[in-house]
**Student:** 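I have a structure here, written as structure tokens, and I will follow up with some questions on it.
Naming convention: chains lettered A, B, ... in sequence-line order (proteins, then strands); numbering from 1 in each chain.
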Protein chains: 2
Amino acid sequence: MARSAGITQERVVTVAAELADAHGLAALTLAQVAARLGVKLPSLYNHVDGLPGLQRELAVLGIRELGTCLRDAAVGKAGDDAVLAVAQAYRAYVLAHPGRYAATVRAPAPDDAELQALSAWVVGVVVTVLAPYELGEAGTIHAVRGLRSIAHGFATLEQAGGFGLALDRDTSFLRLLRAFLAGLRATGSAP
Amino acid sequence: MARSAGITQERVVTVAAELADAHGLAALTLAQVAARLGVKLPSLYNHVDGLPGLQRELAVLGIRELGTCLRDAAVGKAGDDAVLAVAQAYRAYVLAHPGRYAATVRAPAPDDAELQALSAWVVGVVVTVLAPYELGEAGTIHAVRGLRSIAHGFATLEQAGGFGLALDRDTSFLRLLRAFLAGLRATGSAP
DNA sequence: CTTGACAAACTAATATTATTAGTCTATAGT
DNA sequence: ACTATAGACTAATAATATTAGTTTGTCAAG
């Protein structure tokens, strides 16, 4: 080791995640992270590969946490209950950790195997929850995309302050999910 | 006038919109805009109020264009056809102009009457399209939020490269919309 | 116990960018 | 013709990211 100040990549990423959640991913700077850790800015380069590297680590953290939340939300549930729980967990994660969630949305580099694998794992969790609907292979993927669009779209709009009117947002989300599920059963594998 | 180089706010915003669409809103810099216009950076301050001001102008442009697209998409259509057309137009706009669309998502300042009014106008367009479903006042707002979440969520995920698998995205989107519409009729104003 | 290699901090230097202050000049309106 | 000004400019400042090179504890081998 060295004249070390006990900094690790994990600590850097944790502090960055807190800052990104609090002030937005766009406002995250290495200077802030360094100040929070009590080191000079260039020292961070010993632990992360610059700002792009740090954002990639944030994405890894976010996808891992998100996947865990979704999986945990589904245990002991089935059918519509499970789908509702997963979607609610998705929304809750976005609202609780908007910064790290934003990091997960950027498409991973084509050669980033770890990130690709994590994404596939999360998709797998949702596929499992949708299995009982017997939508077929393609139909299931369409449904995963639909459910993810709904959860992502609602939560990110909500987080951005996009729902101005004073109408309960929990109700809006629940209605949207129920409509989607009813439609899934009704339309089956139509067009 | 002055030893003018023919710069106007409109030209500044137009160039900024092109750059934001091409390279992402986050990568938009005043330096780039100035270079593209053939002026020095500080000269832009005669036309826009710094980077935040420019982004606000981009939001105005984006909401105005988006609202126009949605309105135009709905003329001569009714019921499901109209809703589908509006949603497709929403997605098409996001994909065609991701930079200016991203600018529209940030919540407008509470004292920004122009932006608030434009947002309300766009909501009004969607409310009109949903009127025939007779969902009631609150039900209509819930449905507007749902439809917007679907279009925003799908389009932004797609634009970010979030749909990796080789499965037709047009079909995914159409299925999602049909499921939502079928669910709207089925569940009516349930929970 | 010494010593040498290295990890991890540092300082210093450079490049971008945004912003503000103040200057200059061509032109529009009197 | 004169003048006020809009709209360009230069200059200066501050924040950030990045790279290069330096220093210094600490760990482990001899």
**Student:** What's the shortest heavy-atom distance between A:L66 and A:Y101, and which atoms?
**Tutor:**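 Answer, listing the atom of A:L66 first, then A:Y101: CD2-CE1, 4.1 Å.
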
**Student:** Over how many whole Å does the gap from B:L44 atom CG to C:dT19 atom P extend?
**Tutor:** 11 Å

**Student:** Return the nearest nucleotide to the side chain of B:S43; candidates are D:dC9, C:dA9, D:dG7.
**Tutor:** D:dC9

**Student:** Over all heavy atoms of both residues, which pair between A:T104 and A:A59 is shortest? Give the atoms and the distance, please.
**Tutor:** CG2-O, 3.6 Å

**Student:** Determine the contact category for B:G6: base if any of its heavy atoms lies under 4.0 Å from a base atom, sugar-phosphate if only primed atoms, P, OP1 or OP2 are that close, otherwise nothing.
**Tutor:** sugar-phosphate

**Student:** Report the C-alpha distance between A:R64 and A:E114 in whole Å, list the side-chain angles of each, state the deciding distance to 0.1 Å, and finish with yes or no for salt bridge (charged side-chain N to carboxylate O under 4.0 Å, His left out).
**Tutor:** CA-CA 11 Å; A:R64 192 169 282 150; A:E114 183 188 10; 3.3 Å; yes

**Student:** Would you kindly check if the NZ (Lys) or CZ (Arg) of A:R91 is within the cone defined by 45 degrees around the ring axis of A:F154 and under 6.0 Å from the six-membered ring centre?
**Tutor:** no

**Student:** Tell me the interatomic distance from B:Q55, atom CD, to C:dA18, atom C1', rounded to whole angstroms.
**Tutor:**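 Distance check: B:Q55 CD to C:dA18 C1' gives 12 Å.
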
**Student:** Please write out each protein N/O paired with an N/O of nucleotides 12-17 of chain C under 3.5 Å, distance rounded to 0.1 Å.
**Tutor:**
none

**Student:** In whole angstroms, how far is the P atom of C:dT11 from the OH atom of A:Y45?
**Tutor:**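 Atom OH in A:Y45 sits about 16 Å away from atom P in C:dT11.
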
**Student:** Are the ring centres of B:Y90 and B:F173 closer than 6.0 Å?
**Tutor:** no

**Student:** In whole angstrom, what separates A:D49's CG from D:dT19's C1'?
**Tutor:**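 A:D49 atom CG is separated from D:dT19 atom C1' by 12 Å.
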
**Student:** Could you state the CZ-C1' distance from A:R11 to C:dA8, rounded to the nearest angstrom?
**Tutor:** 14 Å

**Student:** OP1 or OP2 of C:dA7 versus the side-chain N and O atoms of A:H47: is any pair under 4.0 Å?
**Tutor:** no

**Student:** Is any N or O donor-acceptor pair between the side chain of B:N46 and the base of D:dA8 shorter than 3.5 Å?
**Tutor:**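 By the distance-only test, yes, there is a pair.
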
**Student:** Treating B:E57 as the side-chain partner and B:V13 as the backbone partner, does any N or O pair qualify as donor plus acceptor under 3.5 Å?
**Tutor:**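 Judged by distance alone, no pair lies under 3.5 Å.
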
